[in-house]
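See below for the structure under consideration.
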There are 2 protein chains.
Amino acid sequence: MSQTLTPKGRATRARIIEGAAEVLREQGVAAARLDDIRDRTATSKSQLFHYFPGGKDDLLLAVAQYEADRVLEDQQPHLGRLDSWESWKQWRDVVVERYEQQGDHCPLGALFLQVGRSTPGARAIVTALMRQWQEALADGVRAMQDQGMTSSRLDADRTAAALLAGVQGGVTIMMSTGDSSHLRAALDTGIELLRFHAVGEVSAP
Amino acid sequence: MSQTLTPKGRATRARIIEGAAEVLREQGVAAARLDDIRDRTATSKSQLFHYFPGGKDDLLLAVAQYEADRVLEDQQPHLGRLDSWESWKQWRDVVVERYEQQGDHCPLGALFLQVGRSTPGARAIVTALMRQWQEALADGVRAMQDQGMTSSRLDADRTAAALLAGVQGGVTIMMSTGDSSHLRAALDTGIELLRFHAVGEVSAP
DNA sequence: CAAAAAATGGACCGGCAAGTCCAAAGCTGG
DNA sequence: CCAGCTTTGGACTTGCCGGTCCATTTTTTG
């Protein structure tokens, strides 16, 4: 890729990433060939390597970043305003719907596997995503605590971590089995935990 | 593979699966070549295709089954006797230890991705594993309920599903980020949920 | 408008790894 | 001990696909 991208160049680059993301979702990383992406995006081989000098891995990493950004975006605005039971429920519904609709392809997981955990870039993308996601959930827990709607004894960060793990696992299981009940169970149980702490105020053992 | 396997043949087949599992754990599915497995298991190309006529995918599927069996085995005997707070804690420790030790390779997940979700065989393996795992957890919850140590109002299956999702997600996140705190949070929060229900007996909303 | 830089097209290359094949060796049962 | 199997060895083929290269067109800039 050249130092300075003209608007046309930027458009092409974006088109490649978006088209590649589609292809990868449809065919999976293992099955997707550079030629498929070339066809889909109406580009040539040289363009692919022009905009992603590192080759396929380079492109894959860019797509991973693109997909990672969408994960949180797709949960907005609910994820940013978890300050009432109603908003928690709306967020829950959006998450369930998003992943049920996505079907059985986990773009990020697949990309991650292909590019390799060891690659610093790949790990950084996922780590950042998880950190932001957990932070948003923790903010939500704290917002509820501030309003006295759940116990202030609850460790907001740990609760958020557990909830995030549940969502992740629920999605993973759904990808594998086609059954979203685990995702729903994890979300509902996690949210109910907050509610119980609102009423019970039982001290942790 | 022939209809009837002699003891020697069976031994070779088993050796291939075990050796392949090692190679796949070390190098990852994408990087592992048939020749690597051939070297590791001291076999020849023809043997690989003799015992796994379907080629690489066939072998990968066999390894997936092998790994799936080990997942539950490694949690025994604790997973089969979740009838006291102490046994739950022991189970928790075993899970954390097993996956922390496993490092950043998820053999099953990787295999699954390579072979493809659509493959009926692959999906069946994972589905069966999840069902058994969840069932074991649900049995544990019921055992606690029978002893009056947690509320009988709790939906054992749903609680088990949520806990399983948490474990899955915790492992996934650990694979990606190298941080096991989500796995711990999911396990601890899940078990604490049972304890709270023991004391509080608050009705669900 | 000319020169430089960027964007594009697409033919071509080369390596790699899955899969094939046949011959040879080793068991096993009658 | 031999006839028919299972098991084994390893050279060879094959197709695929990432990556290279250079010519050409388009855009920018001074």
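From a predicted model like this one, the values you see are computed outputs, not experimental measurements. Note on naming: letters A, B, ... go to the chains in the order of the sequence lines (proteins, then strands), and numbering restarts at 1 for each one. Both backbone and side-chain heavy atoms feed into the values below; hydrogens, waters and symmetry mates do not.
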For the pair made of [atom1] in [X] and [atom2] in [N], what is the distance, rounded to whole Å?
X	N	atom1	atom2	value
A/His50	D/dT25	NE2	P	18 Å
A/Phe49	C/dG10	CZ	P	17 Å
A/Arg38	C/dA7	CZ	P	19 Å
B/Leu5	D/dC5	CG	P	16 Å
B/Tyr51	C/dA18	OH	P	20 Å
A/Asp57	D/dC17	CG	P	16 Å
A/Ile37	D/dC17	CD1	P	12 Å
A/Arg15	C/dA7	CZ	P	12 Å

Legend entry - Contact list for residues 162-177 of chain A, test side-chain hydrogen bond (donor to acceptor under 3.5 Å, both in side chains), sequence neighbours left out: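 Of all non-adjacent pairs touching residues 162-177 of chain A, none passes side-chain hydrogen bond (donor to acceptor under 3.5 Å, both in side chains).
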Inset, instruction - Using the salt bridge (charged side-chain N to carboxylate O under 4.0 Å, His left out) rule, collect all pairs that involve residues 92-101 of chain B, keeping only residues at least two apart or in two chains. - result: B/Asp74-B/Arg98, B/Lys89-B/Asp93, B/Arg92-B/Asp188, B/Glu100-B/Arg184
Legend entry - Listed once per pair and sorted, the salt bridge (charged side-chain N to carboxylate O under 4.0 Å, His left out) pairs that draw on residues 38-62 of chain A, sequence neighbours left out: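 Residue pairs with at least one partner in residues 38-62 of chain A: A/Glu22-A/Arg40, A/Glu26-A/Arg40, A/Asp35-A/Arg38, A/Asp35-A/Lys45.
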Inset, instruction - Taking only heavy atoms on the protein side, list every residue of residues 22-33 of chain B lying under 4.0 Å from any atom of DNA chain D, sorted numerically. - result: none
Legend entry - Nearest atoms (heavy-atom pairs only) where B/Tyr99 meets B/Met174: O-CE, 2.9 Å
Taking only distance into account, with no hydrogens and no angle test, what donor-acceptor pairs under 3.5 Å do side-chain atoms of residues 77-84 of chain A form with protein atoms, sequence neighbours excluded?
from, atom 1, to, atom 2, distance (Å)
A/His78, ND1, A/Gln90, OE1, 3.4
A/Ser84, OG, A/Ser87, N, 3.1
A/Ser84, OG, A/Ser87, OG, 3.2

Quick one: list whatever passes salt bridge (Lys or Arg N to Asp or Glu O under 4.0 Å) with [X], sequence neighbours left out.
X	result
A/Asp146	none
A/Asp36	none
A/Arg25	A/Glu67

Inset, instruction - List for me each residue that meets side-chain contact (heavy atoms from CB on, under 4.5 Å) alongside A/Leu61, sequence neighbours excluded, and say none if there are none. - result: A/Val115, A/Ala122, A/Ile125
Protein-nucleotides 9-12 of chain D N/O pairs closer than 3.5 Å?
from, atom 1, to, atom 2, distance (Å)
D/dG9, OP2, B/Gln47, OE1, 2.7
D/dG9, N7, B/Ser44, OG, 3.2
D/dG9, N7, B/Ser46, OG, 2.5
D/dG9, O6, B/Ser46, OG, 3.1
D/dG10, O6, B/Ser46, N, 3.2

Inset, instruction - Look up atom CG in B/Asp179 and atom NE2 in B/His182, then write down how far apart they are to the nearest 0.5 Å. - result: 6.5 Å
Inset, instruction - Sequence neighbours left out, what passes side-chain hydrogen bond (donor to acceptor under 3.5 Å, both in side chains) with B/Asp69? Give chain and number order. - result: B/Gln65
Distances for protein N or O near nucleotides 28-30 of chain D N or O, under 3.5 Å:
none

